[in-house]
Protein chains: 2
Amino acid sequence: MDNPRRDIHNSEIPVVCRSCEARHGGVCGAMNAQQLAELSKYTTRKKLASGAELQGQGEKIAAYANILKGVVKLTKMLADGRQQIVGLQFAPDFLGRPFSTESSLTAEAATESEICSMPKAVLDRLVAGSPELEHRLHNQALAELDEARDWMLTLGRKTAQEKVASFLYMIATHFDPENLDETSFDLPLSRADIADFLGLTIETVSRQMTKLRGDGVIQVENNRHVTVPDMDRLAEVAGMDV
Amino acid sequence: MDNPRRDIHNSEIPVVCRSCEARHGGVCGAMNAQQLAELSKYTTRKKLASGAELQGQGEKIAAYANILKGVVKLTKMLADGRQQIVGLQFAPDFLGRPFSTESSLTAEAATESEICSMPKAVLDRLVAGSPELEHRLHNQALAELDEARDWMLTLGRKTAQEKVASFLYMIATHFDPENLDETSFDLPLSRADIADFLGLTIETVSRQMTKLRGDGVIQVENNRHVTVPDMDRLAEVAGMDV
DNA sequence: TGCGTGAATTGATTGAGATCAAAGTTCGGC
DNA sequence: GCCGAACTTTGATCTCAATCAATTCACGCA
């Protein structure tokens, strides 16, 4: 966001979406009070169980959503069932593909989640009348593109060990961007999901986790809780590009 | 582009960038005469030899460009030299990452190319004052994101055979989107570049090309010229998702 | 507290693609 | 038209991750 004219809309205006009661969540952060009031008339708040499908590959797109809580995975599937996770979205991301009528991917809750759902037509209308809103969406699309391209390097050129370390590094920095020292967190994905994210099998993910544990790069409790004593060490194993 | 208000700017207004003399090329397609006149004061047309670097990974971003002719590859590299192509841009795409000051990737001409280069600051200023322009860039970003995610499925889950077939299919449809029958074209990438695009080695790409030739899926002349007798057949081998 | 089920780990073996090595092609420059 | 360098193909072998196959573990529930 290099443009000062736009940045006033990202500063601390105390706006709240009536439905989600979230401040500056997802797309709402770029809205004024009037736009929020209009949007609020149509939004619905939903709790999602882990695994709940929000949008199917090939289906019509009827709604967008703000993610209030939890993690949503975006997946693509081949005819024979092979699957790849092509994106992870965390609260308070905006979820949806503007300017398209049909979804090219499946969106599914990876953890228990909460979303604020809004009809596509309503937001499309607001976006059409608000350059600030489109700017916000544009910025998110660019950020997602950067992430996707980073991940392409991981998928195409890293070893299994580096892939798993890269995944852990990504999750750790997402939940705790500042901390370059010891960090600990709950994995939002099962081993099967991690495998689908990394283009590996469950067994290989498991073996690499075991190896990282044996090498002292991570500690693991109850399968899901991970502690990283030294982020630099993890980054090194992940083969982070200089 | 679902929004009719915006679409008037994508219709046939006879605007031409003075420097590149291209009609509706890249970002110019969403500009009015005044904006074009302003931009034209600062644009420079450049011929690029194959392999010429436009932007380095980690460098400051000083310029954007419209691609007038040729193909530009976007690559990322690991510290030890492993490389991955994370995007291919064809004329008349716009080249550049708005709202960022440092490049996370290298942009390099894959073939002999021509570009219309413009200083970052000039276009940023125009974009700040023109929602239509931002809309155009937003749409391109979303299209690139869709492509990147398609490619992640290929990188993570397809076999070498399917990867090479997918690549050929992508190139064929790019140069000739309508034709679902026989098509022929020159490959814009060397075997080494194809390998970097697919996360494979040169040798594996070569072997798979040989196999596709043997199976009658493609014909190859002079290494670079490919004929596809039956696009459906190629799509099938590529394991295109249903 | 034990039971059952799905998730994760561990082990043995296989196989697709990488690596190492050596021709064979293509094409620009003289 | 010939030469040389870069690109491409082909061959032999190796290796990392996939596959096949048991266990083991975690956790909700009776």
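Keep in mind that what you see is a predicted model, and the values were worked out from it rather than measured. Sequence lines set the chain letters: A, B, ... in the order given, protein chains first and strands last, and positions in each chain run from 1.
Where the helix from C:dT1-D:dA30 to C:dC30-D:dG1 starts and where it ends, the local axes point in directions that differ by 40°; five pairs per end, rounded to 10°.
Between B:H225 atom NE2 and D:dC7 atom C1' the separation is 19 Å, expressed in whole Å. The separation between B:R157 atom CZ and C:dG17 atom P is 14 Å, rounded to whole Å. Rounded to an integer number of Å, the gap from B:K158 NZ to C:dG17 P is 14 Å. Between A:R82 atom CZ and D:dT19 atom C1' there is a gap of 15 Å when expressed in whole angstrom units. Regarding B:D196, its CG atom lies at a distance of 12 Å from the P atom of C:dA18, rounded to whole Å. Summarising the geometry, the separation between CD on B:Q161 and P on C:dA18 is reported as 14 Å, rounded to the nearest angstrom. Across the protein-nucleic acid pair, A:R191 atom CZ and D:dA18 atom C1' stand 19 Å apart, rounded to whole Å.
Looking at residues two or more places apart in sequence or on another chain, you find no side chain to side chain contact (heavy atoms under 4.5 Å, CB included) involving A:N222. Remark: B:R97 engages A:D146 in a salt bridge (Lys or Arg N to Asp or Glu O under 4.0 Å) (not counting sequence neighbours). For A:H174, the ring pair (Phe, Tyr, Trp, His ring centres under 6.0 Å) partners are A:F90, not counting sequence neighbours. Scanning for salt bridge (Lys or Arg N to Asp or Glu O under 4.0 Å) contacts around A:K46 gives an empty result, with sequence neighbours left out. With sequence neighbours excluded, no residue satisfies side chain to side chain contact (heavy atoms under 4.5 Å, CB included) with A:E147. B:E114 pairs by the salt bridge (Lys or Arg N to Asp or Glu O under 4.0 Å) definition with B:R45, B:K47, not counting sequence neighbours. A:E236 pairs by the side chain to side chain contact (heavy atoms under 4.5 Å, CB included) definition with nothing, not counting sequence neighbours.
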Distances for protein N or O near nucleotides 13-16 of chain D N or O, under 3.5 Å:
none

List every contact pair, protein side and nucleotides 25-30 of chain C side both N or O, where the distance is under 3.5 Å.
none

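Put simply, the side chain of B:F185 reaches to within 4.5 Å of the side chain of B:V228, judged on heavy atoms.
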Stepwise side-chain contact (heavy atoms from CB on, under 4.5 Å) test for A:Y64 and A:V27 = CA-CA 10 Å; A:Y64 301 124; A:V27 78; over 6 Å; no
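Other residues, nucleotides and ligands contribute at most 12 non-hydrogen atoms within 6.0 Å of the CD atom of B:E112.
Residues of residues 197-215 of chain A that place a heavy atom closer than 4.0 Å to DNA chain C, in numerical order, are A:I202, A:E203, A:S206, A:R207, A:T210.
Using a cutoff of 4.0 Å between basic side-chain nitrogens and carboxylate oxygens, B:E144 and A:R149 are scored as salt-bridged.
No donor-acceptor pair under 3.5 Å is formed between the side chain of B:K76 and the backbone N or O of A:L153.
For residues 224-233 of chain B, no residue pair satisfies the salt bridge (Lys or Arg N to Asp or Glu O under 4.0 Å) rule, not counting sequence neighbours.
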